[in-house]
Amino acid sequence: MESYLYDEFPDNVCTVHIALFVDVANAAPLRARLVRASTLEGVEGDAEREAVNFAFIDAKLVTSRLHVQTALYQSIIAFTQSALKTKTVHSEVLWSLNPTNNITEALRRFGISDSSTAIVVARVGPQSDRSVIEEQMREVIQGRLVPLDLHNLTDWSAIKKYYKLNTDPVIVAQGQNLNRQRTTIDELVTSFVAMKSVMS
Amino acid sequence: MPSTSLTLLASATLVKQGAEAKVYKSTLHPAPNLASLAPDKVQTDASQPVYVLLKHRFQKNYRHPTLNASLTRSRVAGEARALMKCLRAGVNVPGIRMVDAAEGTLGIEWIEGESVRVVLGGGEDGEEIQDDEQGADADIEPPDLLAVFNVNQNDVMVMIGTEIAKMHLADIIHGDLTTSNMMLRRKRSLLSTTSAENKETELLLIDFGLSYISALVEDKAVDLYVLERAFASTHPDSEPLFALVMQTYAEKSGKDWKAVGRKLDEVRLRGRKRSMVG
Ligand SMILES: Nc1ncnc2c1ncn2[C@@H]1O[C@H](COP(=O)(O)OP(=O)(O)O)[C@@H](O)[C@H]1O
Ligand SMILES: [Mg+2]
């Protein structure tokens, strides 16, 4: 798990923790748990929401550390300006990653699905004990925590489809050079996430 | 509570104080805390902090505050959209790293390199901040930057012509083409680096603050004319060099060149007449 401390953000959202889990065995029950937590009432509901208080992202749709960091950063800016398009700073991360304004689509595409096997999990919050956060992540995700090497897990054709890159001159020009194409795609989607708030 | 962007700017290094914007170098995502927590000792590749150029359009107090804020917002949005359009069109420009339109801040990939103006011996930009350290070095012979980038002047002209042609083919008008608004850097790639790639130098266009979208031949011709004038004033005896920029532009623009070239002749003529009168 990597932890980032941002001096420029207010205390309640100054820290970002990011981890990558692979060989995830409980995507379907985890997804069901997220759905249930959102509607559960009372003390039990609060506890459940706290337990899953993360952004869960399908790692197939993340191209690099910077890509997901950029989504987190823009989501925190929106949070501090009371300009969230979604309910929480964590769901905002999924919205920030998706190139359209459709919230349901963003959650469906970039959130986890029943078949997800690799998950990027992130927590935005105050400065806190890193071991506690990591333990919470391990409690909800059954999988192997590994270094944040994302590009090997990326589904590049899904990325190209969702971000509508297939006909971009820069991609067409690169033809068969996969390494160069992936570097370019990573740059395009990272830049796109950064400027989504002023996209149109 | 001070805003996000302003706190970020307070710890950044001022690069340039322009008329419309202040430009800073800053880290964006700090180096991570990776201290291993769990018994299985997860190792992570040591990631470097990410440097960005922060361009902050400060509020001009003579304008109406609300109008001011929406103007600032649309300028930031305009510059970000132009960069994005260039990226998609394959024009070499820096990537976008953060946008805080409410505060007028745009974060752009930091280019570790040098402006073409300086590389061609045109000196630093007039508005460049000179701190004491730089001032003391002022008389020392500058290093041969062309050699540092392993290019000659002709290579640079070809790169300029190529990038502008790609930009115009995408109907993007830069609006302020000068050699200060172009930078050279040694190529590197985000995901993988082969040693061969590392030897290459690339030219990037920057400063899209005055850019706009237009398919008009006239706008493209004026864009080129602005660069021609800038070359003449900052780089003496540069006509043959500039001719190579135009030759490359013509080659790369294909069928579009004929109309733009003809229009450029017209624009030059207008320019000369104006300077004879004025
Ligand atoms: N992405 C960048 N990386 C490094 N230096 C940059 C970058 N963008 C601009 N600069 C430097 O900052 C100067 C001012 O930036 P620019 O965008 O041209 O603003 P201005 O509108 O004030 O001219 C440039 O001339 C260049 O020297
Ligand atoms: Mg400039």
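Computed from a predicted model, the values in this text were never measured in an experiment. Computed from heavy atoms alone, side chains included, the values below leave out hydrogens, waters and symmetry copies. Proteins come first, then strands; the chains are lettered A, B, ... in the order of their sequence lines, and each starts at number 1.
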Below 30° counts as parallel, above 60° as perpendicular, anything between as tilted: where do the rings of F110(A) and Y162(A) land?
tilted

Looking at K161(A), I want to see if its NZ is surrounded by more than 12 non-hydrogen atoms of other residues, nucleotides or ligands under 6.0 Å.
no

By a 4.5 Å heavy-atom criterion (distance strictly below it), what part of L9(B) contacts chain A: side chain, backbone, both, or neither?
neither

Proximal component of M98(B), with respect to chain A [non-hydrogen, under 4.5 Å]:
both

Do E134(A) and R138(A) meet the salt-bridge criterion of a basic N to acidic O distance under 4.0 Å?
yes

For the atom pair OG1 (T63(A)) and CG (L61(A)), what is the distance rounded to the nearest 0.5 Å?
10.0 Å

Within the 3.5 Å criterion, strictly below it, is a donor on D100(B) or Q81(A) matched to an acceptor on the partner's side chain?
yes

Listed by number, the residues in residues 17-25 of chain A that come under 4.5 Å of chain B (heavy atom to heavy atom) are none

Could K220(B) and D223(B) be called an ion pair, given the rule that one side-chain N must be under 4.0 Å from one carboxylate O?
no

L188(A) versus chain B, heavy atoms under 4.5 Å apart: side chain, backbone, both or neither?
both

Ignoring hydrogens and geometry beyond distance, is a side-chain donor-acceptor pair present between H67(A) and D186(A) at under 3.5 Å?
no

Mind listing the side-chain donor-acceptor pairs of residues 27-39 of chain A below 3.5 Å, one per line with the distance, residues two or more places apart or on another chain?
| residue | atom | partner | partner atom | Å |
| --- | --- | --- | --- | --- |
| R31(A) | NE | D114(A) | OD1 | 2.7 |
| R33(A) | NE | E48(A) | OE2 | 2.6 |
| R33(A) | NH2 | E48(A) | OE1 | 3.3 |
| S38(A) | OG | V35(A) | O | 2.6 |
| T39(A) | OG1 | R36(A) | O | 3.1 |

Checking heavy atoms, do the side chain of L165(A), its backbone, both or neither come under 4.5 Å from chain B?
both

Region of S200(A) that comes under 4.5 Å of a non-hydrogen atom in chain B
backbone

Whether Y73(A) and F9(A) hold their rings parallel, tilted or perpendicular, with breakpoints at 30° and 60°
tilted

Only pairs of heavy atoms separated by less than 4.5 Å count here; which of V76(B), T27(B), L28(B), V50(B) has the most with chain A?
L28(B)

